[in-house]
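The analysis underlying the following values was restricted to heavy atoms, covering all of them including side chains, and did not include hydrogens, waters or symmetry mates. Letters go in sequence order (proteins before strands), and every chain restarts at 1.
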Amino acid sequence: MPDQNFFSRRPALSLKDISGLSGAALPEGANGAYVIEDVAPLDKAGPKDLSFFDNVRYKEQFQATKAGACFVAPAMAVFAPKGVNLLISPSPYKAYALAAQTLYPEFKPKAETAKSAKIDPSAKIGKDCVIEEGVVIGAGAILGDQCWLEPNAVIGRNVQIGNNSRIGANASVSHALIGDHVRLYPGVRVGQDGFGFAIDPKGHVKVPQLGRVIIEDHVEVGANSTIDRGAGPDTVIGQGTWIDNLVQIGHNVRVGKGCIIVAQVGIAGSTVIEDFVAIGGQVGIAGHLNIGKGSQIGAQSGIMQNVEPGSEIIGTPALPKKDFMRQVALLKRLIKKEKGS
Amino acid sequence: MPDQNFFSRRPALSLKDISGLSGAALPEGANGAYVIEDVAPLDKAGPKDLSFFDNVRYKEQFQATKAGACFVAPAMAVFAPKGVNLLISPSPYKAYALAAQTLYPEFKPKAETAKSAKIDPSAKIGKDCVIEEGVVIGAGAILGDQCWLEPNAVIGRNVQIGNNSRIGANASVSHALIGDHVRLYPGVRVGQDGFGFAIDPKGHVKVPQLGRVIIEDHVEVGANSTIDRGAGPDTVIGQGTWIDNLVQIGHNVRVGKGCIIVAQVGIAGSTVIEDFVAIGGQVGIAGHLNIGKGSQIGAQSGIMQNVEPGSEIIGTPALPKKDFMRQVALLKRLIKKEKGS
Amino acid sequence: MPDQNFFSRRPALSLKDISGLSGAALPEGANGAYVIEDVAPLDKAGPKDLSFFDNVRYKEQFQATKAGACFVAPAMAVFAPKGVNLLISPSPYKAYALAAQTLYPEFKPKAETAKSAKIDPSAKIGKDCVIEEGVVIGAGAILGDQCWLEPNAVIGRNVQIGNNSRIGANASVSHALIGDHVRLYPGVRVGQDGFGFAIDPKGHVKVPQLGRVIIEDHVEVGANSTIDRGAGPDTVIGQGTWIDNLVQIGHNVRVGKGCIIVAQVGIAGSTVIEDFVAIGGQVGIAGHLNIGKGSQIGAQSGIMQNVEPGSEIIGTPALPKKDFMRQVALLKRLIKKEKGS
């Protein structure tokens, strides 16, 4: 059971409730009144717990689970052990997410402004915001309703933030327009100058960075990630994109909608990432490139050229995934031959 | 036009003014009185805007630009469209930088100390400093004139900072001597203990880190980068070096003058980077190495050996750039052959 | 001599004292009363200084050192110059660490709570803690004795921290149980939500992250590193593990005891790192893997498969170190042949 010091559980749900909120189907003859009190992983779950099976790696755990109920894809239901109530869904993990959100709604402090927060008199703050200790809000900043600013966050002058957005502890934002339902995790840096200068042996000459950072609705940016503002055009993060921790986004970069950018990725200046691109951890993408819609880039890849829409690539420099695997196998064979000779 | 909420424009400049401040030449018969009001990229610029052409990738945009004036290298002037006033410079980007700095001087708040700043009575603060909300300055710290400490920055005891330096929001500095015109971006960490310990199965034993961080004049350190203090010798960042975001500099590292270190680079302990070295993003450099003057290291390289001055290398382990390209091409051919067979 | 503005030296030690506290042996006939006042590297040390020789790379410096005394391994003692008092130890670096800790004990401010610290009335604070300016401590948090919270650190509600632990400037901790003698460096982020969501073209669906971060005793976490809390199980960092700067630890990861994780490593969700594993800088480890006890992973490696205990591997994808070296040599030969032809 989740630690109740940190997570507060809502009242129990019936299978019928869970089916309704998640869209998962109950098999014929299922007991819709069966009560679920909590969530748990397959190997820990008991008869009052809800779990999910979504990764074949955990098939044995599924076959042995004692969970009271379990989300599962239609094709996998056949592996279920007896006694588990099934909730059939084409997207078991998404269905689980919706159920878990209902059982464990996100904690939010009472809407109030801490006395130690320093808000410039010219800033406009929406209704029902939570502004915690040590927050600093600059002149002319505009916050929407129901925002949550965690302790010691710093919002620069004239920054705009929409409704229901949350800025993490010790994060800082300047030169930015931020949408609704955006979440910046602790230590995120948004809006500082891009890395723009003319190289000169007598001292590099700074190029004024005259763009902004635009973060559209429903974006998440992970802890200690950095997003520089544009040099002239804006740096843009598209709606619904999720960015993990310690990611670097250079100036003028445009990231499309619904992208996934895993931890420690670096995207150099002026590159365009189209919609629904997925980028694995520690990938580096050079500047001034175009990464086509729906591409998938494997972890640690180095991207030096444009990427066609729908590509699945990996390696440095990146290759189609199959060619990368061939290359790895070929090198192994050559080494083996050499050892044998 | 840059967002006037964030950037304030100075009065217009004539071509003659711009020629004077940037060193760019006006061609014979040019109209020195022509007035420029703003800056803009080639594809967005109109008749009152100043732009620059410095990267052949954008040649088509140059040929079609409607900019009122444009910096261009002598050899490229021939591609200019009619009606654009040319400003001829061997360094168009640098010339543009100087002009843009004049049109858009950097914003700086009024010199005052916020009431919520906590300054130890034994600290010495120079003239005309900006000390924003929530800043903490420790005992014995010494700040020069015209420094700017952004909100919630933390300056440790006995740290020294020269004139005209700026410390970003939520950054922290300890055990360091910092020069003039230095800029640490938000979230930078300077002066914490290096990663020094004796490995021991009963518990690693910390080696006291008894050096400092010395940052010379005109250095920039990007957001959330980390520079550890030395173990005995100091960690040193040489004059005019620019460091991007999320870079790690280990203890005892000495970086020379005028270097460029792109985002997410890691430099392990006791390595020496000589003057004017350029290091691409995500490069890793092992400890106790010497990287010769003027070397250029491609993005994502892994450096395990000393590098001769003037080298141009890339890869893991790094090779001369031409050999790396040969290696990439060779592997592609071998794979192709295999697919064909 | 270390800068006395930052480091305060204790009174001098005799060789006999040093032998006693470090376990190093004095050779027959040594002058146990010889007095050491300070520490210094081999090439800087004078007759009152203590040094150590532990890396063959510095053999010439050892042979020329003017140090008053030097820790050295038995087999290396023969290279000592005349006049240097030897302290013989199988672990010269560890012996040096213990001696240096005695000469330069770590600075700690007076135990008091700064007026600007904001401590929720329901939090419990142990004896003799140092709580610096701008610290924020949430409701229900529990701190042990002799803790040190540096300026502007943020401790979330119900977080527990043991005795003698230290939280760096501008660091933030939530949803975590932290042991004794733990040190989080400035800017560390502990306990924020893991990167968990169900991918959906209409908008990714957040999976509530219902686990915690457990940090056992004697762990160090470097500046600006990030440790996400678990999705259901906890994220765990085992006793005595040392983590460098800018490291990313994903949700549900379990790191064993005594591990060493160098800067900019990324470990994806649900991976298990067994005890005494050493991971070089910038390594990436995929999710759901098991890295066997005592393995050593070379810098910049990409780990896509389980690793057997005691492995020594490097590369992307990682190979046994010898095979990696063979592969590098083979590619060099092939390139050379091609250039020759």
- How about C/N245 and B/Q192: do any of their side-chain heavy atoms sit closer than 4.5 Å? yes
- Message: Could you tell me if the side chain of B/M304 sits less than 4.5 Å from the side chain of C/V328, heavy atoms only?
- Response: no
- Query: What part of B/I303 is in contact with chain C, defined as an atom under 4.5 angstrom from a non-hydrogen atom: side chain, backbone, both or neither?
  - Reply: neither
- Query: Using non-hydrogen atoms and a limit below 4.5 Å, what part of residues 194-206 of chain B faces chain C?
  - Reply: B/F195, B/G196, B/F197, B/A198, B/I199, B/D200, B/P201, B/H204, B/V205, B/K206
- Query: Pick from B/Q209, B/K322, B/Q160: which one has the most heavy-atom pairs with chain C under 4.5 Å?
  - Reply: B/Q209
- Closest approach of C/S116 and B/K118, non-hydrogen atoms and distance? CB-CE, 3.5 Å
- Message: Working to the nearest 0.5 angstrom, can you tell me the gap between B/R326 CZ and C/L334 CG?
- Response: 13.0 Å
- Examine whether an atom of C/A299 lies under 4.5 Å from a heavy atom of chain B, and if so say whether it belongs to the side chain, the backbone or both; otherwise answer neither. neither
- Tell me, out of C/R183, C/E132, C/E106, who's got the most heavy-atom pairs with chain B below 4.5 Å. C/R183
- Note on the structure: B/V159 and C/F6 have their tightest heavy-atom pair at N-CE2, 3.9 Å
- Message: Looking at B/R333, I'd like to know if its CZ atom is crowded, meaning that more than 12 non-hydrogen atoms belonging to other residues, nucleotides or ligands lie closer than 6.0 Å.
- Response: yes
- Under a 4.5 Å heavy-atom cutoff, which of B/T316, B/N224, B/D193, B/N152 has the most pairs with chain C? B/D193
- Residue part contacting chain C, namely of B/A286, when any heavy atom lies under 4.5 Å: neither
- Considering all heavy atoms of both residues, which atom of C/K332 and which atom of B/L319 are nearest to each other, and what is their separation? CE-CD2, 3.7 Å
- Item | Other residues, nucleotides, ligands: >12 heavy atoms within 6.0 Å of B/E308 CD | no
- Query: Could you give the distance from CD (B/Q248) to CG (C/L246), rounded to the nearest 0.5 Å?
  - Reply: 6.0 Å
- Task: With a 4.5 angstrom heavy-atom cut-off, could you sort out which part of C/I261 is near chain B: side chain, backbone, both or neither?
- Result: backbone
- Note on the structure: If you tally heavy-atom pairs under 4.5 Å between each of C/G222, C/G240, C/A278, C/G187 and chain B, the highest tally belongs to C/G187
- Query: In terms of heavy-atom proximity below 4.5 Å to chain B, should C/F52 be classed as side chain, backbone, both, or neither?
  - Reply: neither
- Could you look at B/A169 and say if it's the side chain, the backbone, both or neither that has a heavy atom under 4.5 Å from chain C? neither
- Are any of the side-chain heavy atoms of C/D244 and B/D228 separated by less than 4.5 Å? yes
- Mark yes or no for whether C/Q264, through its side chain, and B/Q264, through its backbone, hold a donor-acceptor pair below 3.5 Å. yes
- Item | Region of B/V265 in contact with chain C, defined by heavy-atom distances below 4.5 Å | backbone
- Note on the structure: Per side chain to side chain contact (heavy atoms under 4.5 Å, CB included), B/L210 is matched among C/L103, C/D38, C/D3, C/V39 by C/V39
- Write down the atom of C/A97, the atom of B/P208, and the distance for their closest heavy-atom approach. O-CD, 3.8 Å
- Note on the structure: If you tally heavy-atom pairs under 4.5 Å between each of C/N170, C/T241, C/N55, C/I260 and chain B, the highest tally belongs to C/N170
- Donor-acceptor pair, side chain of C/E133 and main chain of B/I137, under 3.5 angstrom: no
- Residue selection (most heavy-atom pairs with chain C, distance under 4.5 Å) from B/G302, B/A329, B/G232: B/G302
- Under 4.5 Å from a heavy atom of chain C, the part of B/V283 involved: backbone
- Task: Considering only heavy atoms and a distance below 4.5 Å, find which of B/L331, B/V136, B/N158 pairs most often with chain C.
- Result: B/N158
- In terms of heavy-atom pairs under 4.5 Å with chain B, the winner among C/P186, C/S91, C/P109 is C/P186
- Item | Interchain contact, C/Y185 with chain B, by part (heavy-atom threshold 4.5 Å) | side chain
- Does B/R157 reach the side chain of C/F107, with side-chain heavy atoms less than 4.5 Å apart? yes
- Query: Side chain, backbone, both or neither: which part of C/I243 has a heavy atom under 4.5 Å from chain B?
  - Reply: backbone
- Using non-hydrogen atoms and a 4.5 Å limit, figure out which bit of C/E150 sits close to chain B: side chain, backbone, both or neither. neither
- For C/Q282, is it the side chain, the backbone, both, or neither that has a heavy atom closer than 4.5 Å to a heavy atom of chain B? side chain
- Task: Provide the closest heavy-atom pair for C/R189 versus B/R189 in the form atom of the first, atom of the second, distance.
- Result: NH2-NH2, 3.8 Å
- Neighbour count >12 (heavy atoms, 6.0 Å) for atom CD, C/E60: no
- Considering only heavy atoms, which portion of C/Q239 lies under 4.5 Å from any heavy atom of chain B: side chain, backbone, both, or neither? neither
